[in-house]
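Step one of this worksheet: look at the structure below.
Read the numbers this way: they start at 1 and go in the same order the structure lists the ligands and their atoms.
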Amino acid sequence: MHSQTTTQSEHVNTLHDKANQYLTHSISDYFNNSLRFEQFSLNACNIFLDYSKQNLDENVMQSLLGWADDMQLNTAIKGMFGGERINHTEDRAVLHSILRAPADKQKSVLGEQVANEIAGANQQMKELCQKLHKGEYLGCTGNAITDVVAIGIGGSYYGAKVAQESLKAFHQQSVKVHYLANIDGSAVAEKLALLNPETTLVIIISKTFSTQETLLNAKSARSWLASYLTNYDISDHFVAVSSNITKAIEFGVKETNILPMWDWVGGRFSVWSAVGLPLAIAIGYKNFEQMRAGAFQMDEHFQNAPFAENMPVLMALIGIWNSSFLGYNSLAVLPYDHSLRAFPGYLQQVDMESNGKRINHFGDEIKLTTAPIVFGQEGTNGQHAFMQLMHQSNEIVPADFIVSLTSNSDYHHHHTMLVANCFAQSEALMVGKTLKQAKANLTEQGLSANDVERLAPHKVMPGNSPSNTIVFDHFTPKRLGAFLALYEHKIFVQGVMWGLNSFDQWGVELGKELGTSILAVMGGESNDTLSSSTQNLISKYLDKRQ
Ligand SMILES: O=P(O)(O)OC[C@H]1O[C@](O)(CO)[C@@H](O)[C@@H]1O
């Protein structure tokens with residue numbers, strides 16, 4: 001399916017030529033066209049995207065869309081949804097989206113047997129949720145489970161965590177769901193101190209059941225349970241979600257308490273599978289299904305809308321224009337919504353673990369800058385931190401402003417101020433402030449001519465920073481599903497355009513391997529392949545180890 005490399009398209013050369021010219025183009029000037037906002041915005045699945053503050057016009061869009069055709073984006077989309085093994089370095093299909101599709105679609109793509117497995121896993125999730133909510137899931141001392149600790153990391157954690165925070169209004173009161181991802185013992189101690197072992201259920205989520213952090217956290221949770229519940233069979237306090245059933249059983253999880261995962265669901269896209277179990281417990285299985293339905297709606301839009309009106313495709317092309325052509329290598333993700341505060345972290349994994357690569361499908365170096373460095377924080381906190389750099393450094397940082405039009409709280413006047421700040425930031429980043437304006441402001445404030453000259457350069461803001469504004473009414477499970485799928489598909493399209501495999505993560509794997517070797521050295525093994533820096537740091541640690 002990989003017929004050509006990124007740079008073989010003539011549109012790429014055209015885009016490079018255009019970039020030089022657009023770099024000095026004022027974004028504000030696009031608004032001389034009174035229809036700019038109407039022409040550069042769109043609605044899909046109850047999500048509104050305003051991209052009129054991007055540094056591009058119809059001309060650039062046409063070249064980007066032409067390049068998408070050259071890269072056979074349409075075929076690639078069909079390939080992913082049709083179950084082709086597009087993750088070719090691991091020889092796997094990429095089918096997280098099928099988990100949110102109707103059963104007949106699941107059957108036609110995966111066959112009857114796997115479709116039945118999916119239905120079985122859903123049923124298992126549903127029953128577990130209901131049992132917990134009704135207070136019918138009992139711990140070994142006969143008390144009903146009141147707290148769930150989900151232990152997992154990366155994709156086996158972030159999706160559920162971010163969605164749970166976003167959907168606070170839908171939380172079920174009967175069971176509290178907590179998460180444990182970090183390997184740091186302080187995180188474990190903090191979490192377990194809140195819980196009563198008699199009424200706690202531990203859900204171990206690990207596709208491989210071999211991730212160091214998850215296994216160590218799970219073992220510590222098991223010791224904690226065992227130390228309190230001596231003389232009891234604690235196996236009912238464990239549920240696992242994994243594709244490695246053998247290892248989960250070896251750990252001590254009953255086979256009937258294991259929910260499956262499949263190799264065609266990548267970790268960072270796995271919230272739609274049983275990995276979403278803690279989320280389903282937190283918001284109720286019906287709401288979890290609604291979230292899948294929202295994602296399915298976005299899947300349909302993505303597969304059917306013409307590219308010029310296709311939200312994930314447009315967001316992907318805009319991002320590529322910014323990073324690969326204009327040379328803006330970062331992306332600030334700025335949710336002006338407290339419930340989305342974990343979203344920048346989640347997106348860091350989904351985006352950077354997917355497209356943070358430089359080798360194309362043919363094993364050659366990609367001649368374009370690929371994934372941006374994604375960072376961000378909820379507004380307005382970010383304004384009092386890194387946004388100074390966005391206004392006045394010599395970096396241009398494109399941004400995605402994400403804002404809910406309605407408030408999640410009764411403090412409506414807070415919400416008005418929050419939204420005003422969001423709109424003010426995107427405007428200020430685009431418009432900036434010239435030296436002339438800075439001087440005029442200072443003169444108006446009554447400063448002496450000398451002080452005006454001295455201070456004015458410090459008040460100049462170059463402006464011309466591009467941004468998207470993504471707007472929605474407050475989150476429902478359905479809308480959140482569509483929103484998460486929007487970013488998933490954006491990232492997929494970017495991978496196709498750059499000609500890379502978005503679905504492996506060999507860089508992360510190297511870290512895991514070295515982590516294991518260094519742990520062995522700390523346990524007494526010798527390893528002369530390590531640098532003297534690392535050897536000495538290990539010695540320093542061993543000298544202090546308690
Ligand atoms: O579910 P597992 O196998 O524990 O892996 C956890 C995470 O580790 C990674 O492999 C690397 O971060 C992710 O892709 C995955 O989500």
Side-chain angles (χ1 to χ4, degrees), residues 86-97 99 121 125 149-164 179-184 187-188 202-222 238-251 253 258-279 342-357 371 373-374 484 487-488 491-492 495 500-516 519:
I86 58 172
N87 175 358
H88 62 95
T89 59
E90 295 179 307
D91 193 24
R92 289 175 182 172
V94 175
L95 277 171
H96 49 277
S97 58
L99 295 167
M125 277 177 88
V149 191
I151 298 181
I153 197 163
S156 294
Y157 154 72
Y158 248 128
K161 167 84 178 160
V162 82
Q164 184 170 322
Y179 292 85
L180 192 51
N182 194 353
I183 201 173
D184 192 326
V188 182
V202 175
I203 305 183
I204 307 163
I205 307 176
S206 177
K207 185 171 164 185
T208 54
F209 220 88
S210 62
T211 302
Q212 236 184 31
E213 293 94 327
T214 301
L215 287 191
L216 186 56
N217 283 338
K219 280 179 194 157
S220 297
R222 187 177 59 191
F238 293 100
V239 166
V241 180
S242 184
S243 58
N244 196 336
I245 313 246
T246 317
K247 279 203 166 182
I249 293 173
E250 269 168 29
F251 180 89
V253 186
I258 301 173
L259 289 91
M261 276 182 87
W262 299 272
D263 73 353
W264 39 266
V265 181
R268 52 194 170 271
F269 304 101
S270 62
V271 67
W272 317 102
S273 70
V275 168
L277 177 63
L279 170 66
F343 184 68
Y346 160 82
L347 196 62
Q348 280 178 330
Q349 190 201 10
V350 179
D351 194 327
M352 293 200 277
E353 197 171 69
S354 297
N355 288 341
K357 294 162 192 170
I373 297 164
V374 176
L484 297 181
Y487 273 93
E488 285 180 354
I491 288 158
F492 166 74
L500 54 79
N501 179 5
S502 302
F503 302 103
D504 57 13
Q505 59 284 321
W506 299 110
V508 178
E509 303 305 333
L510 173 65
K512 288 185 188 173
E513 274 166 38
L514 270 180
T516 310
L519 202 58

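Ion pairing of K247 with E250 is absent here, as no side-chain N (NZ or NE/NH1/NH2) approaches a carboxylate O to less than 4.0 Å. Using a 4.0 Å cut-off between charged side-chain N and carboxylate O, D504 and R92 make no salt bridge.
Of the protein's non-hydrogen atoms, the one nearest atom 10 (O) of ligand 1 is K512 NZ, 3.1 Å. Remark: minimum distance from atom 15 (C) of ligand 1 to any protein heavy atom is reached at G155 N, 3.9 Å. Looking from atom 1 (O) of ligand 1 to the surrounding protein, the closest heavy atom is S156 OG, 2.6 Å. When only non-hydrogen protein atoms are considered, atom 7 (C) of ligand 1 lies nearest to I153 O, 3.6 Å. Looking only at protein heavy atoms, the nearest one to atom 12 (O) of ligand 1 is E353 OE2, 2.8 Å. Looking only at heavy atoms of the protein, atom 2 (P) of ligand 1 is closest to T211 OG1, 3.2 Å.
Residues Y179 and Q164 have side chains that bring a donor and an acceptor to within less than 3.5 angstrom of each other.
Residue contacts with ligand 1, taken as heavy atom pairs separated by less than 4.0 Å, involve T208 via backbone and side-chain atoms alike.
Ring pair F251/F238: centre-to-centre distance below 6.0 Å.
Close contacts of ligand 1 with G267, meaning ligand atoms under 4.0 Å from a residue heavy atom, involve 16 (O).
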